[in-house]
Visitor: 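Below you will find the structure I want to go over with you.
Computed from a predicted model, the values in this text were never measured in an experiment. Proteins get letters first, then strands, A, B, ... in listed order; numbering begins at 1 in each.
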Protein chains: 2
Amino acid sequence: MARVGKPRGSSRRDHFGDAVYAQIKADIFDFRLLPGARFSENEVARRARVSRTPVREALMRLEREGYLQVHAKSGWSVCPLDFAQFDHLYDLRVVLELAAVQKLCAGKDIAALDRLRAIWLVSPSLRVVDGAKLARMDEEFHSTLVAAAGNPEVARIHHGITERIRILRRLDFTHPERIIYTYREHAEILRALLARDADRASALLRAHIEASRAVVQTITLHRLHLAHLDAKPSARTNGAARKPAAARAPRRR
Amino acid sequence: MARVGKPRGSSRRDHFGDAVYAQIKADIFDFRLLPGARFSENEVARRARVSRTPVREALMRLEREGYLQVHAKSGWSVCPLDFAQFDHLYDLRVVLELAAVQKLCAGKDIAALDRLRAIWLVSPSLRVVDGAKLARMDEEFHSTLVAAAGNPEVARIHHGITERIRILRRLDFTHPERIIYTYREHAEILRALLARDADRASALLRAHIEASRAVVQTITLHRLHLAHLDAKPSARTNGAARKPAAARAPRRR
DNA sequence: GATTCACGGTTTGCATGGAATCGCCGACGC
DNA sequence: GCGTCGGCGATTCCATGCAAACCGTGAATC
């Protein structure tokens, strides 16, 4: 929850609300705000150097999207991780991406996949090995597939799902073999797509997503906490945030 | 944009923002706010007898959901109807509902469909003939199908789509034969579902939705306007709202 | 010791004021 | 007649004030 990035001197006409929104979202994704952590509007407003109005705008938006929840007259908290919900989101993701694959193989324009070929159909020596970066690339691979199918509404929904599961996906690439598998599976999916083999591409894509789901299903709150500590050993952690997700944060002063 | 329903004397602790949100949404669905109509926050606040703060909350929420758009320092407007977008939403709807059908036929629990049987598998003499009511029943039929599949996230997304296309669906049942067809098709879909015939149920459902899409594709802005006038001949219509969607509303006073 | 109850502080929810800015409208130049 | 520019009202966006409600605390009582 660092200060919001406001370029000094120049009065940007970007909304403060958007900046606060992005900041808090990033704080959640980067484990600076842990599930269950409680905070108040004034707290966020002080840190972001803005008033409560744009803060409330951002918080209510994040609430509608399922990241935060408001307790009546008693502050806000980060929604605890609901693994059943993640399961449902993975199912929905499979549905949307399989539909995109069907459409791609049936359609005529798959030139949009050229960029993916250049990224994923490369020799092993050129591969990315950084887990965090690969997580972003994985997101983009699947988003590009869906977007290439040409339905912006599907792409919009898929984007929302991608962000919701991002916090898990980050931990999907901590094992080196997952990186190898991801390259292999993406390459196979791409080849099947370019060959217009809808059935094979669908089966591969489904297996690929299910493998990711199986990995993240082994993630526990404890592992999330450890990942947080490993990633940001010097990150700001108040008394509330140091505790695991289910902890009841005592009132701050 | 009538006054927000606030029970007199008793201070409800329901948020004003929610009430304003629901009111404006209803105004859009009921053609009291036509696509392209412009208005200001103060205007809404005066009519709803609340301050601009909860009004802004509602407006920003409706903007995120695609119903409104804000013009910088120049007021708000109802998003013009984008028929290409409706097409995409129909496609997405097909994807979600077909996935639900697959899951329903594969699963073991279809007791949730009993209520639908009681509604749709009835003798013609007991059928509903009111178009508006049938539109609501049609919404509920499809929503129930999706909800019965057991994925709340899919149901949530599907609900949003349902609301987005509601303004079109209202006009889907103006012809009596569409009512007859709807009963027949819903009944056939239900029978296929109860027989666990996934392929047949899918084909029927797809054809059913495509038929609806074909009907609403014939809807023009002019017809929407006529429907508005027919439904609410005495509704409040200012100079801006009387014009079709593309009209540039002059500044109000 | 356990329980109840009242009180103070904190927080949200709403109202309102102020500043920047946008678009319109008319005057002005040509 | 036509284009350009400046002013002004209207509007959004942000800051701030205010009241109701909730939670924790601690004293008082059984």
Side-chain angles (χ1 to χ4, degrees), chain A residues 1 3-7 9-24 37-64 68-78 238-240 248-253, chain B residues 3-7 9-24 37-64 68-78 238-240 247-253:
Chain A
M1 257 202 294
R3 184 175 183 278
V4 80
K6 194 167 44 171
S10 95
S11 76
R12 288 231 301 177
R13 83 182 34 75
D14 286 33
H15 301 320
F16 288 174
D18 290 346
V20 174
Y21 168 85
Q23 182 62 53
I24 297 179
R38 296 185 76 131
F39 56 90
S40 75
E41 297 173 1
N42 270 316
E43 205 171 330
V44 180
R46 274 198 307 271
R47 292 187 191 284
R49 303 279 206 277
V50 296
S51 82
R52 282 179 45 225
T53 303
V55 168
R56 276 180 61 80
E57 174 189 334
L59 295 182
M60 290 189 293
R61 190 168 152 198
L62 287 162
E63 182 197 18
R64 296 282 332 155
L68 300 180
Q69 58 191 131
V70 55
H71 301 75
K73 308 282 185 192
S74 174
W76 295 74
S77 68
V78 182
N238 58 26
R248 295 287 309 241
R251 168 161 307 209
R252 291 147 277 72
R253 181 136 310 267
Chain B
R3 185 174 183 277
V4 80
K6 190 167 49 173
S10 93
S11 76
R12 288 230 301 178
R13 87 182 29 73
D14 287 32
H15 302 321
F16 287 173
D18 291 346
V20 174
Y21 168 85
Q23 183 62 54
I24 297 179
R38 295 185 78 131
F39 55 90
S40 74
E41 297 172 1
N42 269 316
E43 205 171 331
V44 179
R46 274 199 308 271
R47 292 186 190 283
R49 303 279 206 277
V50 295
S51 81
R52 297 193 330 268
T53 302
V55 168
R56 276 181 62 79
E57 173 189 333
L59 295 182
M60 290 188 294
R61 190 168 151 198
L62 287 162
E63 181 197 16
R64 299 277 338 150
L68 301 180
Q69 59 191 127
V70 55
H71 300 73
K73 308 283 184 194
S74 176
W76 295 74
S77 69
V78 182
N238 59 27
R248 294 289 307 238
R251 168 159 305 209
R252 291 148 277 72
R253 181 136 311 267

Visitor: Using whole Å, report how far CZ of A:Arg46 lies from P of D:dC14.
Guide: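 These atoms are roughly 20 Å apart.
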Visitor: Please give, in whole Å, the distance from C:dC14 P to B:Glu57 CD?
Guide: 6 Å
Visitor: For A:Arg38 and A:Ser74, work out which heavy atoms get closest and say how close.
Guide: NH2-O, 3.0 Å
Visitor: In whole Å, I'd like the distance from the CH2 atom of B:Trp76 to the C1' atom of D:dC13.
Guide: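 Distance, rounded to whole Å: 11 Å.
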Visitor: Within this structure, what is the CD-to-P distance between A:Glu43 and C:dT11, rounded to whole angstrom?
Guide: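 Taking CD of A:Glu43 and P of C:dT11, I get 8 Å after rounding.
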Visitor: Calculate the interatomic distance between A:His71 atom NE2 and C:dG13 atom C1'; express it in whole Å.
Guide: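 Spelled out: NE2 on A:His71 to C1' on C:dG13 is 17 Å.
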Visitor: Holding to side chain to side chain contact (heavy atoms under 4.5 Å, CB included), I want the full list of residues that pass it with B:Glu63, two or more places apart in sequence or in another chain.
Guide: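 With sequence neighbours excluded, B:Glu63 shows a side chain to side chain contact (heavy atoms under 4.5 Å, CB included) to B:Val70, B:Trp76, given in chain and number order.
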Visitor: Run the side chain to side chain donor-acceptor pair (under 3.5 Å) test against B:Asn42 and tell me which residues pass, sequence neighbours left out.
Guide: none
Visitor: If you take all heavy atoms of A:Phe16 and A:Pro54, which pair is closest and at what distance?
Guide: CB-CB, 3.8 Å
Visitor: Would you give the length of the straight line joining atom CE of B:Met60 to atom CZ of A:Arg64, rounded to the nearest 0.5 angstrom?
Guide: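 Result: 13.0 Å between the selected atoms.
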Visitor: Compute the bend angle of the helix from C:dG1-D:dC30 to C:dC30-D:dG1 from the end axes (five pairs per end), rounded to 10°.
Guide: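 If I round to tens, the end axes sit 0° apart.
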Visitor: Can you check whether any acceptor in the base of C:dT12 is under 3.5 Å from a donor in the side chain of A:Lys73, or vice versa?
Guide: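 Looking at the base of C:dT12, it does pair with a donor or acceptor on the side chain of A:Lys73 (distance under 3.5 Å).
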Visitor: Where do B:Ile24 and B:Leu59 come nearest, in terms of heavy atoms and distance?
Guide: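 Answer, listing the atom of B:Ile24 first, then B:Leu59: CD1-CD2, 3.5 Å.
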Visitor: Run the salt bridge (charged side-chain N to carboxylate O under 4.0 Å, His left out) test against A:Glu41 and tell me which residues pass, sequence neighbours left out.
Guide: A:Arg52, A:Arg56
Visitor: To the nearest angstrom, how far is B:His15 atom NE2 from C:dT12 atom C1'?
Guide: 9 Å
Visitor: Looking at the side chain of B:Pro54, which of D:dC13, C:dA15, D:dA15 is the nearest nucleotide?
Guide: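 When the side chain of B:Pro54 is considered, C:dA15 is the closest of D:dC13, C:dA15, D:dA15.
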Visitor: Mind checking what makes side chain to side chain contact (heavy atoms under 4.5 Å, CB included) contact with B:Thr53, not counting sequence neighbours?
Guide: B:Ser51
Visitor: Got a list of protein N/O to nucleotides 16-18 of chain C N/O distances below 3.5 Å?
Guide:
residue, atom, partner, partner atom, Å
C:dT16, O4, B:Thr53, OG1, 3.3
C:dG17, O6, B:Arg52, NH2, 2.7

Visitor: Rounded to the nearest angstrom, tell me the gap between atom CD in B:Glu41 and atom P in C:dC22.
Guide: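 It works out to 16 Å between those atoms.
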Visitor: Between atom CE in B:Met60 and atom C1' in D:dC13, what is the gap in whole Å?
Guide: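 One finds 9 Å between C1' of D:dC13 and CE of B:Met60, rounded.
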Visitor: Closest-nucleotide mapping onto DNA chain C: is B:Ala72 or A:Arg56 further toward the 5' terminus? I mean the 5' end.
Guide: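 In this pair, the answer is A:Arg56.
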Visitor: What residues, two or more places apart in sequence or in another chain, satisfy salt bridge (charged side-chain N to carboxylate O under 4.0 Å, His left out) together with B:Arg61?
Guide: B:Asp18, B:Glu65
